[in-house]
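A short worksheet on the structure shown next.
Start at 1 and go down the list; that is how both ligands and their atoms are numbered.
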Amino acid sequence: MTADLPKTMTAKPSNALIGRVTAPGDKSISHRALLLGAMAYGTTTIEGLLEGQDVLHTAGAMRRFGASVTQTGPGSWTVEGQGGLSEPFDIIDCGNAGTGVRLIMGAAAGYDLAATFTGDASLRGRPMGRVLTPLGQMGASWTGRSGGRLPLTLKGGGLSAISYCLPVASAQVKSAVLLAGLNAKGGVEVQEPEATRDHTERMLRAFGATVHVEDKAGLRLIRLAGGQALSGTHVRAPGDPSSAAFPIVAALITPGSEVTVMGVMLNPLRAGVFTTLQDMGADLSISNLREESGEPVGDLTARYSALKGVTVPPERAPAMIDEYPILAVAAAFATGTTIMRGIGEMRVKESDRIALMAAGLTACGVELEEEPEGLIIHGNGKPPRGGATVTTKGDHRIAMAHLVLGLAAQSGVTVDEPGMIATSFPTFHSLMTGLGGLISA
Ligand code: S3P
């Protein structure tokens, strides 16, 4: 954060939130569109690209790997790919973006080059071994800090085939292996015990690659032959369900509200939070269901609702892993206990999200229990006290979740490092205030 950005942001108890808004472009799709565009031959045009800091770092990285990447209008970008990545002349800084760095490392491993990667303090603390292990088994080498932490230098090229069973349910790891596999002799097979978001598989097909997917003996098998060239295409990034969840939950907990978020991607491997909110009794409906760029998309309307506590099926975690912070806020307004288990991965996101949600909600007067891989929230059907200043450790979703809580709590909530919200949702403040939310720097 630079000196001219606000040091804190405060959300105050607000009147009903009313309006129709458009969700910002999906972050997962935006990273992938830039990366596949750079790896492809020819021109890729992207509409609705998320212009958040994470994605802008990926755009900068693709320029360093030799692609020409230009913005042609708001959300409209063109990538001229070279049919591969070439050795960057300088360090690749991925900022706060775990998806950016892990996918780019996978792609880069397929080419005969050396590249040095780094990121901000949060990213430098996150585990990279989960992608370096399979990439190393394929023949890439690397040297970096202990535990495979950034900064690190990766040497790619000469990759061989692998059949890899994911030890953690991670679309980032799956995607890194698939992208490396494009240039591995013999290709790759990834086995997923739990299905994770499939945007890489879908988008590889849109760029002309053949990807085989089948369910076998309880595993999802994804096979990709090596030596496949990609061709530039047009990508339209649908609205990000992870961002849409913030105004949706804000409407559900603020009396009298009715908010429609238009153009939300509803890929079943991403939409778990909306199913869970409906299980909690949310008045949440989908209209205008359609398909855009190979992804299901719809308009979501949320009205203020009396929520009840639920047990979230742990197997749903991969389909909503980024949404547990805002779900925990919804649970804090519900009547009864909400049990969220099987969410240990939350501890290695942009921050330890279980610990920070537990601390922030406790400071706001919410009763809860923190477990090593779980969070249990006891709601009493009344708005929590609020009135706290919450430490976010620079985590955008921790900040947005507590600001949403502050809109409907008994008294306002302040968060630190609000500048980090721009990593994923640069229009959060204007969108929420446009709906009537009282949020100020
Ligand atoms: C993402 C995958 C998820 C998610 C992240 C985006 C992706 O991470 O948390 O925000 O675009 O592939 P993991 O794959 O590590 O679970």
Side-chain angles (χ1 to χ4, degrees), residues 24-36 49-50 52-55 57-58 94-107 119 122-123 125-134 148 164 166-180 190 192-204 220 222 235 237-246 265 267 269-273 295 314-327 342-354 357 373 395-398 400-401 420-421 423-425:
D26 185 71
K27 184 152 73 74
S28 293
I29 292 207
S30 296
H31 282 298
R32 286 162 173 79
L34 290 167
L35 180 49
L36 294 192
L49 187 91
L50 171 69
Q53 289 304 317
D54 277 12
V55 175
H57 275 100
T58 292
C94 290
N96 191 243
T99 306
V101 76
R102 293 195 180 111
L103 268 59
I104 298 170
M105 286 198 295
S122 155
L123 194 60
R126 294 179 68 184
M128 295 298 140
R130 51 180 59 198
V131 291
L132 295 169
T133 298
Y164 191 69
L166 293 186
V168 280
S170 167
Q172 295 177 356
V173 178
K174 168 177 67 178
S175 302
V177 174
L178 291 176
L179 294 174
V190 180
E192 284 192 299
E194 291 173 281
T196 64
R197 64 189 72 193
D198 58 356
H199 309 308
T200 302
E201 297 92 305
R202 288 174 188 246
M203 207 183 286
L204 278 169
R220 190 163 171 268
I222 306 126
V235 178
D240 195 327
S242 303
S243 297
F246 294 102
M265 188 229 292
N267 180 317
L269 296 169
R270 290 289 299 282
V273 68
E295 297 279 358
E315 64 274 14
R316 199 179 281 163
M320 54 178 289
I321 193 65
D322 293 336
E323 287 68 73
Y324 283 94
I326 190 61
L327 183 72
I343 55 172
E345 275 293 295
M346 276 182 75
R347 293 204 184 270
V348 290
K349 294 294 175 188
E350 286 83 328
S351 69
D352 177 343
R353 287 181 170 163
I354 295 182
M357 284 313 296
E373 301 201 348
D395 187 322
H396 52 129
R397 296 198 207 284
I398 299 296
M400 290 186 280
M420 292 303 286
I421 291 171
T423 59
S424 68
F425 198 161

_What I want to find out is whether Glu345 reaches Arg353 closely enough, with some N-O distance under 4.0 Å, to be called a salt bridge._
no
_Using a 4.0 Å cut-off to any heavy atom of Asp322, which atoms of ligand 1 qualify?_
4 (C), 5 (C), 9 (O), 10 (O)
*Nearest neighbour of atom 16 (O) of ligand 1 from the list His199, Gln172, Arg397, Lys349, on a heavy-atom basis*: Lys349
*Audit row: Ile222, Arg220, side chain to side chain contact (heavy atoms under 4.5 Å, CB included) steps and yes/no*: CA-CA 7 Å; Ile222 306 126; Arg220 190 163 171 268; 3.6 Å; yes
*asked:* Is it the case that the side chain of Ser30 and the backbone of Leu49 share a donor-acceptor pair, with hydrogens and angles ignored and the cut-off at 3.5 Å?
replied: no
*Gln172 versus Val101: any side-chain heavy-atom pair under 4.5 Å?*
no
*asked:* For atom 15 (O) of ligand 1, what is the closest protein heavy atom, and at what distance to 0.1 Å?
replied: Ser170 OG, 3.1 Å
_If you measure every N or O of Glu345 against every N or O of ligand 1, does any of those distances drop under 3.5 Å?_
no
*Determine whether any heavy atom of Thr99 lies closer than 4.0 Å to an atom of ligand 1.*
yes
_Quick test: of every protein heavy atom, which one is nearest to atom 12 (O) of ligand 1, and how far off is it to 0.1 Å?_
Arg32 NH2, 2.7 Å
*Considering all heavy atoms, the nearest Pro325-Asp322 contact*: CD-O, 3.5 Å
*For Arg102, is at least one N or O under 3.5 Å away from an N or O on ligand 1?*
no
_Heteroatom distance test (Ile321, ligand 1): nitrogen or oxygen, under 3.5 angstrom_ = no
*Picking from His31, Arg197, Arg270, what satisfies side-chain hydrogen bond (donor to acceptor under 3.5 Å, both in side chains) with Asp26?*
Arg270
*With only distance considered, is Ser175 within less than 3.5 Å of ligand 1 through an N or O on each side?*
no
*NZ/NE/NH1/NH2 to OD/OE distance under 4.0 Å, Glu350 and Arg397*: no
